[in-house]
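Computed over heavy atoms, backbone and side chain alike; hydrogens, waters and symmetry mates excluded. Computed from a predicted structure; not experimentally measured. Throughout, a chain's letter reflects where its sequence line sits, starting with A, and its residues are numbered from 1.
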2 protein chains.
Amino acid sequence: MRNQGAGTGPEMEIVHLLRAVAVELGLHSARFANQNGMHPTDVRALIALMDAARAGEEMTAGRLGSALGLNSAGTTALVDRLERAGHVRRVRSEGDRRRVVVEVDQRAVELGQAFFGPLIGSAVDLLQGYDERELAAIRSFLEGVREAAAEG
Amino acid sequence: MRNQGAGTGPEMEIVHLLRAVAVELGLHSARFANQNGMHPTDVRALIALMDAARAGEEMTAGRLGSALGLNSAGTTALVDRLERAGHVRRVRSEGDRRRVVVEVDQRAVELGQAFFGPLIGSAVDLLQGYDERELAAIRSFLEGVREAAAEG
DNA sequence: CCGAGTATCTCGCTGAGCGAGATAATACGG
DNA sequence: CCGTATTATCTCGCTCAGCGAGATACTCGG
């Protein structure tokens, strides 16, 4: 049986630290949401939309909803909210006219970059202080945790 | 001006990886919430309560609410829910009888350990594959990100 | 004691998200 | 082609988490 307890070794300290980082990043997103009259779900949606855009993929209403764990009714309400706020546009897909492609407005992208940019910049600055082997350790640890969390 | 763009350098890759980990950990908590008929806020509350217990501190209703960003009405409703589900007990503070100390039930602790234990164990196992310098790099990077996120 | 301050709770309300089902467009066997 | 199954989104009515306002209960300094 692996270590599951509230041990106090150096490994557990890092595990708690990682959890604390996750909580802190969540609170940071919540601040962004509050400042812009949005809800946590709306922020998660914008992030998913920007990720898709960066990967060059179209994001339909349905894919967005399932990425966030919403049903179709909730997804419609979410896209309504974001569209009313001017953060996204609904575009009927040309190929399949049942589908609604959700596009992020450039203004929303800039809003997000203005808010999250400094934090991302700090993280990049931090990383520039490590050598190859240290960077590889950080990367492989994060990769491993992501895989472990995705399985559960 | 620091790096804010959608750069593709090795640093940005790690930053996106960290964000992905945060998202994945959030989804993992959401699965725990669903499996036990709870809401995300309830899970966050249990985690805050267990953290306080581990630190040997009493958690009052008010402190719990402000840790989660709820007002007093929402906090009362939250503690009502958790108490109804048998996860916590309300105990009037002896010293100051206005205060309500919220205590986690042992059953809830075990429930949480059963669910999060494997993931924590995997992370600890992962960490045992690194040497001192690599562990120090992981720790200091996480510490730095936490501080940067807490400032914003 | 009395009034100010503090911790929690009650009440009424708003709105995010759900289940069920409607609507509209596509796929596909005959 | 036609009819039926399938898929994508939307509409409707509802539940319940969380909010604002204010009530209640306790503490403490003067």
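Between A:M38 atom CE and C:dG17 atom P there is a gap of 12 Å when expressed in whole angstrom units. Distance A:L78 CG to C:dG15 C1': 14 Å, rounded to the nearest Å. Atom CZ in A:R81 sits about 17 Å away from atom P in C:dT14, given to the nearest Å. A:E58 has its CD atom 11 Å from the P atom of D:dT9, to the nearest Å.
Within the nucleic acid shown, B:T41 comes within 4.0 Å of sugar-phosphate atoms alone, with no base atom in reach, counting heavy atoms only.
Smallest separation of non-hydrogen atoms from B:P40 and B:A33: N-CB, 4.3 Å. Smallest separation of non-hydrogen atoms from A:R146 and B:V21: CB-CG2, 3.9 Å.
Put simply, the side chain of B:E83 gets close to the backbone of B:R90: a donor and an acceptor are under 3.5 Å apart. Remark: the backbone N or O of A:F141 is paired with a side-chain donor or acceptor of B:Y130 at under 3.5 angstrom. Here the side chain of A:R92 pairs a donor or acceptor atom with the backbone of A:R97 at under 3.5 angstrom. No side-chain donor-acceptor contact under 3.5 Å links A:E147 to the backbone of A:G144.
With A:R44 as the partner, the side chain to side chain contact (heavy atoms under 4.5 Å, CB included) test is satisfied by one option alone out of A:L68, A:L64, A:L49, A:L70: A:L68.
Taking the six-membered ring for Trp and thresholds of 30 and 60 degrees, B:H28 and B:F115 have ring planes inclined between 30 and 60 degrees apart.
The residue among A:A77 and B:V101 whose nearest nucleotide of DNA chain C is located toward the 5' end is B:V101. Across the interface with DNA chain D, nearest-nucleotide mapping of A:D80 and A:R99 shows A:R99 to be the residue nearer the 5′ end.
Shown for residues 59-72 of chain A: residues whose heavy atoms fall under 4.0 angstrom of DNA chain D, namely A:T60, A:A61, A:G62, A:S72.
Heavy atoms of other residues, nucleotides or ligands lying less than 6.0 angstrom from CD of A:E94 number 12 at most.
Look at B:R90 and you'll find a side-chain N or O under 4.0 angstrom from OP1 or OP2 of C:dC9.
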Table of protein N/O atoms under 3.5 Å from nucleotides 26-30 of chain D N/O atoms:
{"unit_1": "D:dT27", "atom_1": "OP1", "unit_2": "B:R97", "atom_2": "N", "d": "3.2"}

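The side chain of B:A73 has D:dG20 as its nearest neighbour among D:dG20, C:dT8, D:dC10.
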